[in-house]
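Reviewing the structure listed below.
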Amino acid sequence: MPTGAGRRSLPQGSHLCWLLCAFTLKLCQAEAPVRAEKLSVSTSNLPCWLVEEFVVAEECAPCSNFQAKTTPECGSTGYVEKITCSSSKRNELKSCRSALMEQHLFWKFEGAVVGVALVFACLVILRQRQLDRKALEKVRKQIESI
């Protein structure tokens with residue numbers, strides 16, 4: 001018997017399943033923050049908060065429209081905090097993640113999980129109904145042949 005001769009193609013629900021999985025993965029990648037910081041080996045080019053202790057002068061806050069266009073630290077998360085480095089006494093901006101942003105990302109993720117669970121629950125119900133109908137037809141045919 002040649003390989004794959006007894007195989008049947010995937011049921012139509014499986015194609016939908018793979019499509020939903022691919023969409024969910026793409027959605028998760030789009031939501032993940034992209035960190036594109038390239039740091040040189042020289043410590044003179046490094047931000048002071050990477051090489052020394054610092055104190056947060058102003059808590060994490062959303063960037064203004066002007067800051068978003070002019071400050072590279074606002075690019076990755078849209079939030080910045082002002083810090084003061086201990087040794088050099090330099091004031092700098094540092095990108096940060098706010099609790100509100102984290103909460104929104106968490107609920108988006110939860111919504112996606114619940115949505116996928118509902119879709120698969122519906123697929124299971126539809127498949128069960130299809131199998132029940134096939135079993136009922138077999139029983140009818142057996143009764144009619146008696």
Side-chain angles (χ1 to χ4, degrees), residues 1-43 45-85 91-146:
M1 180 180 219
T3 348
R7 293 185 186 168
R8 295 191 316 187
S9 66
L10 292 173
Q12 287 183 350
S14 294
H15 296 295
L16 180 62
C17 169
W18 284 112
L19 181 67
L20 285 171
C21 289
F23 177 74
T24 304
L25 285 174
K26 191 68 173 173
L27 179 68
C28 290
Q29 287 174 351
E31 292 296 324
V34 177
R35 192 168 189 183
E37 293 180 15
K38 292 185 179 178
L39 303 175
S40 66
V41 178
S42 169
T43 58
N45 294 337
L46 291 175
C48 68
W49 52 269
L50 282 176
V51 292
E52 58 185 272
E53 295 292 319
F54 63 89
V55 177
V56 177
E58 286 184 28
E59 290 296 321
C60 193
C63 297
S64 65
N65 288 337
F66 179 73
Q67 279 180 322
K69 293 176 183 173
T70 58
T71 311
E73 287 84 3
C74 287
S76 59
T77 62
Y79 289 84
V80 290
E81 60 187 358
K82 290 184 183 176
I83 60 165
T84 305
C85 294
N91 292 327
E92 290 190 10
L93 291 175
K94 179 179 176 280
S95 182
C96 59
R97 298 180 65 88
S98 78
L100 183 63
M101 182 179 70
E102 291 293 328
Q103 185 180 20
H104 285 297
L105 288 174
F106 171 77
W107 287 113
K108 281 183 183 178
F109 172 74
E110 285 295 313
V113 167
V114 168
V116 169
L118 287 174
V119 167
F120 282 112
C122 290
L123 287 174
V124 166
I125 290 170
L126 292 173
R127 180 67 176 155
Q128 187 63 48
R129 287 181 182 173
Q130 183 184 23
L131 292 173
D132 287 345
R133 271 190 237 114
K134 284 184 179 182
L136 191 60
E137 285 179 29
K138 281 186 178 182
V139 169
R140 278 192 200 139
K141 285 181 182 179
Q142 285 178 353
I143 291 174
E144 288 175 1
S145 65
I146 295 179

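Shown here are the side-chain contact (heavy atoms from CB on, under 4.5 Å) partners of F106, two or more places apart in sequence or in another chain: E110. Considering only residues two or more places apart in sequence or on other chains, S64 meets the side-chain contact (heavy atoms from CB on, under 4.5 Å) condition with F66, Q67. Qualifying salt bridge (Lys or Arg N to Asp or Glu O under 4.0 Å) partners for E92, counting only residues two or more places apart in sequence or in other chains: R90. With sequence neighbours left out, the salt bridge (Lys or Arg N to Asp or Glu O under 4.0 Å) criterion links E58 to K82.
Within a 6.0 Å sphere centred on CG of N65, other residues, nucleotides and ligands contribute 12 heavy atoms or fewer.
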Quiz item: Going through the checks in order, is the side-chain contact (heavy atoms from CB on, under 4.5 Å) test met by L136 and D132?
Solution: CA-CA 6 Å; L136 191 60; D132 287 345; over 6 Å; no

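Within the 4.5 Å cutoff, the side chain of V116 has heavy atoms near those of the F120 side chain.
The nearest pair of heavy atoms linking W49 to L93 is NE1-O, 4.2 Å.
Screening residues 46-57 for salt bridge (Lys or Arg N to Asp or Glu O under 4.0 Å) gives no qualifying pairs among residues at least two apart or on separate chains. For residues 98-107, every residue pair satisfying the salt bridge (Lys or Arg N to Asp or Glu O under 4.0 Å) rule, not counting sequence neighbours, is listed here: R97-E102.
If you check the side chains of R127 and Q130, you find a donor sitting under 3.5 Å from an acceptor.
A donor-acceptor pair under 3.5 Å is formed between the side chain of T77 and the backbone N or O of Y79.
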